[in-house]
> 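Have a look at the structure that comes next, please.
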Protein chains: 2
Amino acid sequence: MAAQAIDRRIQRTQELLKTALMSLIQEKGFEALSVQDIIDRANVGRATFYAHFDNKEDLLRSGIEGLRQSLRECQRKALSQTPRTEERVFAFSREMFTHANEHRDVFRAMLGKRSGSVIQQLFHRMLIDLVREEVKALAPRGDTSSAPTETITQYIAGGLFGVVIWWVDGRMRLSVEDVDALFRRLAIPALKATAR
Amino acid sequence: MAAQAIDRRIQRTQELLKTALMSLIQEKGFEALSVQDIIDRANVGRATFYAHFDNKEDLLRSGIEGLRQSLRECQRKALSQTPRTEERVFAFSREMFTHANEHRDVFRAMLGKRSGSVIQQLFHRMLIDLVREEVKALAPRGDTSSAPTETITQYIAGGLFGVVIWWVDGRMRLSVEDVDALFRRLAIPALKATAR
DNA sequence: TCGCTATGGAACAGTGTGTTCAATAGCGTT
DNA sequence: AACGCTATTGAACACACTGTTCCATAGCGA
C-alpha cells in the first residue's frame, strides 16, 4: 500500500467527535458548548479528546477544513477553464450559496448570532483567501500585493461575508439564484476597479 | 438642579472599570481577559463589579457606546445639511477612519486578530446600522425594507467592516485619506444600484 | 449631623479546563 | 492465532473563573 493506513481507532474517534460537535452546534451554538458536552455526546474519553485536539476550537477548525477544500476545488476548476469570462468570476460563490441552502440548519447554527464569532472569523478568513485568488487572476500584471488590490479583496470578501451572514440568519427569503446574482452585481464593478 | 445628580461613587467605580478594561484590552486582548483581571486592575471589589454589570461583555458594550454615539452624531449632521451630494455620502466613514488612526493602539487591540470576535460583532452591527441609514436616505421611495436594499446595506457594511479590520490589523500603510477614498470609490457604485 | 446606599472582602458552590497515570482494549502485522 | 504496539479509558488532579451572598463599613448628599 502506498498510503500508510491509518489506525481504524483514530478514524473512529475523530469521526465521532466531529459528528458530536456538529450536532451540538445545531442545538446550543458553538460558544455555549463545552468539551465535556462533546465527549459525552461522542461517548469518548476525556483524555482521548485531548490526545487528538488542543481544545474545542481546534476540533472546529479541522471540521471546517472540509468545506474550505470543497470550495477551493470548485474555484480551481472554474479558474482553469476559459478565464476572463464574467460568468466564471466568483464561481465559488454560487456553490457556497447552494451549499448553505442545502445545509441551512447547520449554516444558520454556525454563522448565526447565537453561535460564536470564532466560527465567523474562520469563515471570514476563508472567504478572503477565495476572493484574493479571483482578484489576483484579474489583475495579474505584477500588481499582486499592491495596496489597492488588497483593499479591494478585503472589501469584496467583507461584503460577501456580510451578505451570507445576513441571508443565513434571516429567513432566507431570497432564493439562491437571487442572492448570488445580487452579490455578483455588487462585486463585479468593484473588481473592475482593479482591471482599471 | 434638574438632572438628578449621580452618586459620585458610582461614577468613580464605572470610570475605573472602563479604564481598566481598555488598558487590559491593549495588553491581552478581550477574550483572554477575566473579570478577575479587571477588578484587580481597577482595584474594585468583586461584588461591586457585579452590582454594575452582568459580565465583562456588558461592561464592554457600555464602553463602546461612546464611539457609537459619536459616529451617529457625525452622520446626523452630514445628512441634515445638503443631502444628495456624493461628497456627503458616508460622512461617518471619514470620521471613523480618522478616529481609528488617532487611537490605533486601542483599535488594533480591539479589532485585531488577537482580540475577541465579540467586539468585532458589536462593531459590525454598528456599521450595519450606520450604513442602513445612508442607503435609506438614498432610496426613500417607500422602497425601504425591500430585499435588494437590505442586501446592499449588508454588502456595503460588510465591505467596510472588512476593510477596517484589515487596515487596522495590518501595518496601516495607507493613509486615512487613501483608505477612505478607496472605500468610497468601492461603495458608491453599489449605492447607485439602489437609486437605479 | 444623619440616613441611605455603594463598596469591600471573604466565602461559597458550581463548572470547566487541561494534564497525568496505569490498566485495558483493539489494531496491524507476522 | 499470537504478538507487540498504540489508542483508549476512567479516575483523579490542581487550577482558574464565574456569579452570588453576607455583613460591616465608608462615603455620599441633604
Side-chain angles (χ1 to χ4, degrees), chain A residues 1-25 27-63 114-119 122, chain B residues 1-63 114-119 121-122:
Chain A
M1 290 297 155
Q4 42 186 354
I6 299 178
D7 197 318
R8 220 179 289 160
R9 289 171 292 180
I10 296 182
Q11 294 181 17
R12 181 178 144 275
T13 299
Q14 298 201 350
E15 201 54 43
L16 282 171
L17 286 175
K18 283 181 196 172
T19 307
L21 176 68
M22 289 309 163
S23 78
L24 280 169
I25 283 183
E27 290 172 28
K28 314 176 55 172
F30 180 73
E31 307 284 79
L33 219 88
S34 69
V35 172
Q36 197 62 52
D37 292 331
I38 302 173
I39 61 183
D40 285 350
R41 172 72 53 98
N43 200 23
V44 153
R46 181 170 202 69
T48 308
F49 178 94
Y50 284 105
H52 289 279
F53 304 97
D54 289 342
N55 45 50
K56 65 172 181 171
E57 275 152 42
D58 195 22
L59 169 59
L60 176 68
R61 248 187 301 277
S62 104
R114 243 183 47 205
S115 187
S117 16
V118 184
I119 309 191
L122 281 176
Chain B
M1 283 299 151
Q4 41 186 355
I6 299 177
D7 196 319
R8 219 179 288 160
R9 288 171 293 179
I10 296 181
Q11 293 181 20
R12 182 178 144 275
T13 299
Q14 298 201 351
E15 201 53 44
L16 282 171
L17 286 174
K18 283 182 196 172
T19 306
L21 175 68
M22 289 309 162
S23 79
L24 279 168
I25 284 182
Q26 289 179 61
E27 290 172 27
K28 315 175 57 172
F30 180 73
E31 308 284 79
L33 218 88
S34 69
V35 172
Q36 196 62 53
D37 292 331
I38 302 173
I39 61 182
D40 285 350
R41 171 72 55 97
N43 200 24
V44 154
R46 180 169 202 72
T48 309
F49 178 93
Y50 285 106
H52 288 279
F53 303 98
D54 289 342
N55 45 49
K56 66 172 181 171
E57 275 151 41
D58 194 22
L59 169 60
L60 176 68
R61 249 188 301 277
S62 103
R114 243 183 46 204
S115 187
S117 15
V118 185
I119 309 192
Q121 228 166 4
L122 281 175

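The model shown is predicted, which means the values in this text are computed figures rather than measured ones. Residue numbers begin at 1 in each chain, while the letters A, B, ... track the order of the sequences.
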> Please give me the minimum heavy-atom distance between V44(B) and F49(B), naming the atom from each residue.
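V44(B) and F49(B) have their closest heavy atoms at CG1-N, 4.2 Å.
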> Which residues pass the side-chain hydrogen bond (donor to acceptor under 3.5 Å, both in side chains) test with R9(A), not counting sequence neighbours?
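With neighbours one apart ignored, the set is D7(A).
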> How would you give the extent of chain A contacts on DNA chain C, as first and last nucleotide 5' to 3' within a 4.0 Å heavy-atom cut-off?
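Both ends considered, the range comes out as dG16(C) to dG28(C).
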> Could you tell me the separation between the CD atom of E31(B) and the C1' atom of dT18(D), rounded to a whole number of Å?
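After rounding, the gap between these two atoms is 16 Å.
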> What's the CZ-P distance between F49(A) and dA7(D), to the nearest Å?
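F49(A) atom CZ is separated from dA7(D) atom P by 17 Å.
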> With sequence neighbours left out, what residues match S62(B) under side-chain hydrogen bond (donor to acceptor under 3.5 Å, both in side chains)?
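Expected list: none.
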> Just how far, in rounded Å, is P of dT18(D) from CD of E57(B)?
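These atoms are roughly 11 Å apart.
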> Taking CD1 from I39(A) and P from dA11(D), how many angstroms apart are they, rounded to a whole number?
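To the nearest whole Å, that distance equals 12 Å.
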> Mark yes or no for whether K56(A), through its side chain, and F30(A), through its backbone, hold a donor-acceptor pair below 3.5 Å.
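It does hold such a pair.
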> Return the 5'-most residue of the pair R8(B), R46(B) with respect to DNA chain D, ranking by each residue's nearest nucleotide.
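Taking each residue's closest nucleotide, the earlier one in sequence belongs to R46(B).
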> If you look at every heavy atom in A20(B) and I38(B), which pair is closest and at what distance?
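Shortest heavy-atom contact: CB-O, 3.8 Å.
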> Taking only side-chain nitrogens and oxygens of T48(A), does any of them come within less than 4.0 Å of OP1 or OP2 of dT9(D)?
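Yes, because at least one side-chain N or O of T48(A) sits under 4.0 Å from OP1 or OP2 of dT9(D).
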> Of the listed nucleotides (dG19(D), dA11(D), dA7(D)), which one gets closest to any side-chain atom of Y50(B)?
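The answer is dG19(D).
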> Toward the 5' end of DNA chain C, which comes first, D7(B) or K56(A), by nearest nucleotide?
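Its nearest nucleotide being more 5', the pick is D7(B).
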> Would you indicate which nucleotide in dT6(D), dT9(D), dG19(D) comes nearest to any side-chain atom of R12(A)?
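Closest nucleotide to the R12(A) side chain: dT9(D).
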> Would you say a side-chain N or O of S34(B) is under 4.0 Å from OP1 or OP2 of dA16(D)?
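No, because none of the side-chain N or O atoms of S34(B) sits under 4.0 Å from OP1 or OP2 of dA16(D).
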> Does CD belonging to E15(A) count more than 12 external heavy atoms closer than 6.0 Å?
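No, the 6.0 Å shell around CD holds no more than 12 heavy atoms from other groups.
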> Could you tell me whether the side chain of D58(A) and the main chain of N55(A) form a donor-acceptor pair under 3.5 Å?
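No; judged by distance alone, with no hydrogens or angles, the pair does not exist.
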> Which whole-number value in Å describes the distance from Q11(B) CD to dC28(D) P?
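Q11(B) atom CD is separated from dC28(D) atom P by 11 Å.
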> Specify the separation, in whole Å, of atom CD1 of I6(B) and atom C1' of dC28(D).
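For the pair I6(B) CD1 and dC28(D) C1', the rounded distance is 14 Å.
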> What is the distance from CZ of R9(B) to C1' of dA26(D), rounded to the nearest Å?
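The answer, rounded to whole Å, is 8 Å.
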> Whole Å only: how far is the CD atom of E15(A) from the P atom of dA7(D)?
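That distance rounds to 18 Å.
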